[in-house]
4 protein chains.
Amino acid sequence: MQTSVQKMQSSPRGETATSILQAADELFGEQGLEGVSVRDVAERAGVNKALVFYYFASKEKLFEAVLERYYQAHRAALESAFNTDAPLAQKLHSLVDAYLDFIEQHRRYPSLVQSLVVGSPAFHPFIQRNLEPMFRFTEAALVGLSPEKGHLAARHFFLDISAAVINTFTWAPVLAPMWGGDPLAPAALAERRQHLHWLADALLAGLTRSPG
Amino acid sequence: MQTSVQKMQSSPRGETATSILQAADELFGEQGLEGVSVRDVAERAGVNKALVFYYFASKEKLFEAVLERYYQAHRAALESAFNTDAPLAQKLHSLVDAYLDFIEQHRRYPSLVQSLVVGSPAFHPFIQRNLEPMFRFTEAALVGLSPEKGHLAARHFFLDISAAVINTFTWAPVLAPMWGGDPLAPAALAERRQHLHWLADALLAGLTRSPG
Amino acid sequence: MQTSVQKMQSSPRGETATSILQAADELFGEQGLEGVSVRDVAERAGVNKALVFYYFASKEKLFEAVLERYYQAHRAALESAFNTDAPLAQKLHSLVDAYLDFIEQHRRYPSLVQSLVVGSPAFHPFIQRNLEPMFRFTEAALVGLSPEKGHLAARHFFLDISAAVINTFTWAPVLAPMWGGDPLAPAALAERRQHLHWLADALLAGLTRSPG
Amino acid sequence: MQTSVQKMQSSPRGETATSILQAADELFGEQGLEGVSVRDVAERAGVNKALVFYYFASKEKLFEAVLERYYQAHRAALESAFNTDAPLAQKLHSLVDAYLDFIEQHRRYPSLVQSLVVGSPAFHPFIQRNLEPMFRFTEAALVGLSPEKGHLAARHFFLDISAAVINTFTWAPVLAPMWGGDPLAPAALAERRQHLHWLADALLAGLTRSPG
DNA sequence: GATGAATGAGTATTCATTCAT
DNA sequence: TATGAATGAATACTCATTCAT
């Protein structure tokens, strides 16, 4: 249950390294890889610029370290939601909730990843390693209902639901006008959560009617 | 019906301006606003760097010119799909098809927009102007079925479907492994299109059963 | 008496050339040689940029043309003040008045010249040709009173008075606070004129007492 | 008495910063703010261009650093000349000598300031802060003799004398022909100094005779 | 561990000038 | 005469990275 990034310490420890990682987390999440300079990170962390290189070798490696923390936390979150004996429908709802809970705790995560998918092919293998286990959970959850191939294969649902969850956050700033306010405000998020559960049910209902 | 960007020349004409616009289109679509330098654009277009400024005044204005072409084409595509007398279900399918057709013809468009949403707040008003009319189409299509407020309001479906369509393209490079090949290959895209139609029907079915 | 620059047409005539010259006059006077671009001049004149080069060959030559107009007008102004049969004191007052009248009509002139003295050695010969005849007037006016050599030679008085007149205008913007308002406002200028006459008298009085 | 700029190191220390400041001092004094590029400064100082920004943040800030050193030295020079118990006439002569001594030691100072007055309005407040205390000295020296208002107010004499002193240096290069040699050669300067003392006396004599 | 100094390559943008039409 | 297009060099400034101490 303890999937918070703050509580996990990957590679380098020590106060200095941690404060750099924390600063990098905040800045990269807000402005992406290219929008942030090493100087920015060092200043926000309150350390000497050269120390960033001493601890993380390069800006890209620092970015990877930030991503890695999220990756582990994200995977752990979905894993624990999946590993229950609950029936299918309930398991799906747990996955949706786990996904939303994780992002609500780590709001910068979707933007961070999105900024890499478009623009930094070098990071694609990294993201693929990240995505795969989560896809396996979805696939396992739908086994029996969803065929292995064709337009009802699990991968389509994985994409539909991931997109519906993630874009809630990445698109939030531009959706504000048609939402009549911040789509990430607590009430709006609760409503969106309700909708996503409804969506999962609607997809399951459709799948059950269609020939699996 | 003539919504292809290549066929529309809004901004300045002349071979040179066109080749700059074309080069900018390609590069921005691949690497985003910050990943591309004016030097890159000029080199790809085979023109002097200063000419980019002669024709487009600034890098940001050039980016806007590229976006504007897409914006007009995109809007026109959805508009003509919506303006039919077909019944609701059929109208929704037309919208999905128009959306997909447009992106298939302009594959860089989703990445272009996505790179702005995450990372360039300055362009958010521009995107909002773009999004709004398309949201109005969806809203109008669902009127009667979908309540004005709450978790079944039209805006949720607009987000679900837009995300499912757009992320098909923006996420394609990282989805390849779990797709067992390029998700944008013709066969894969045809399958995805079939799924998205199924998705629209499933959502409609759910809405019809739920209290609107 | 007709010493206005606007009425004199040196080298190239024609409406286009005149409007360029006029625009250059205004802009160079406000922002100096380096603060103004050929594009600025062309825009203010409402003509094509290339025409500036067609008529004036280069930016520097255009600047020279502007200066040349002032030079002729300035010389004519002092000349007519000097060529009277009035006694010495009155002749000096006429020179001071002519100097002030000219600058009041062509307020940009002192700044124009000052910006060249500091910063553009290439223009020094030009300015020297400009200065020399005016020095000769002063020298001739003081002949008999002022020795040819030493600390009471005419050149010192030429420098004193020129500086007192010209710096009134060039320093005006930074003198404003200690003047309690714009030193170039009509009332302030009238007072300064009165002072400069007093100064000329004081110098003459001193010279008369000292051994010439 | 220690008013030499070389001996004062206000801004950053260290050999590199000093050599940049020195190079900037020379170049700005010769060619003004706009006539000098950061590349020029770095080359003359023999350091990497980026180091100029490392130490001084921007070209304008570098210029300010150069000016600030002069400003402090200038003010100190006049202050110590004024703070004596000598009678009025002698105090005025001390001020003239202090002014001349200072500029002889810092010959680039007048050009530096002059280039700002004409052409860089952004620096006017800086110059005004510089000018004001010196004006106060003059005003205090003439108190009783010179009325507060009108054409004999202290500000006019401040302008007359400042102009006569400063223009000696700023105009030197174009005055050479009528001086029959360099006006800044030792003998010529000594003669000019003698004249300026004579000028101060002549103004005092005039003031004494006129109604104060 | 930590720091200040140093660097080379890169960024967007401007400019005076030229030239074909 | 007049113009739109084209160009090469320059400008202030930033950045990731290295290194001696």
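Chain identifiers are assigned alphabetically (A, B, ...) following the order of the sequence lines, protein sequences preceding nucleic acid strands; residue numbering begins at 1 within each chain. For the numbers below, each heavy atom of this structure counts, side chains included, while hydrogens, waters and symmetry mates do not.
With rounding to whole Å, D/Gln31 atom CD is found 15 Å from F/dA10 atom C1'. As rounded to whole Å, 12 Å separates atom C1' of F/dT11 from atom CD of C/Glu34. Summarising the geometry, the separation between CD1 on D/Ile20 and P on E/dA5 is reported as 11 Å, rounded to the nearest angstrom. Rounded to an integer number of Å, the gap from C/Leu33 CG to E/dC15 P is 13 Å. Note: CZ (D/Phe56) to C1' (E/dA6) measures 15 Å, nearest angstrom. Between the P atom of E/dT13 and the CG atom of B/Asn48 lies a distance of 15 Å, rounded to the nearest Å. Protein atom NZ of B/Lys59 is 4 Å distant from nucleotide atom P of E/dA12, rounded to whole Å. Counting to the nearest Å, the P atom of F/dC15 and the CZ atom of A/Phe63 are 17 Å from each other.
In this structure, F/dA10 forms a base pair with E/dT13, meeting either the Watson-Crick or the G-U wobble geometry with both donor-acceptor distances under 3.5 Å. Nucleotide E/dT7: paired with F/dA16 (Watson-Crick or G-U wobble, both distances less than 3.5 Å).
When the nucleotides F/dA16, F/dA2, E/dA12 are ranked by their closest atom to the side chain of B/Phe53, E/dA12 comes out on top. Taking the side chain of A/Lys49 as heavy atoms from C-beta on, and the options E/dG10, E/dA6, E/dT3, the nearest nucleotide is E/dA6. Among F/dA2, E/dT17, F/dT7, the nucleotide with an atom closest to any side-chain atom of B/Leu51 is F/dT7.
OP1 or OP2 of E/dA2 sits under 4.0 Å from a side-chain N or O of A/Thr16. Regarding contacts with the backbone of E/dG4, every side-chain N or O of D/Tyr55 stays at 4.0 angstrom or more from both OP1 and OP2. For F/dA5, the OP1/OP2 oxygens have a side-chain nitrogen or oxygen of B/Tyr54 closer than 4.0 Å. Contact check, B/Ser37 against E/dT11: a side-chain N or O comes under 4.0 Å of OP1 or OP2.
The number of heavy atoms from other shown groups lying within 6.0 Å of CZ (A/Arg39) does not exceed 12. Counted within 6.0 Å of CZ on C/Arg129, heavy atoms from surrounding residues, nucleotides or ligands total more than 12; the atom is thus considered enclosed.
A/Val36 comes within 4.0 angstrom of the backbone, heavy atoms only, and of no base.
For the pairing with D/Phe63, the ring-ring contact (aromatic ring centres under 6.0 Å, His included) check across D/Phe28, D/Phe56, D/Phe126 returns one residue only, D/Phe28.
For the pair C/Glu60 and D/Ala50, both in contact range of DNA chain E, the more 5′-proximal nearest nucleotide belongs to D/Ala50.
The aromatic rings of B/Tyr70 and B/Tyr109 sit tilted relative to each other, their planes meeting at an angle between 30° and 60°.
Contact of the C/Leu112 side chain with the C/His106 side chain is not registered, since no non-hydrogen atoms from C-beta on lie closer than 4.5 Å.
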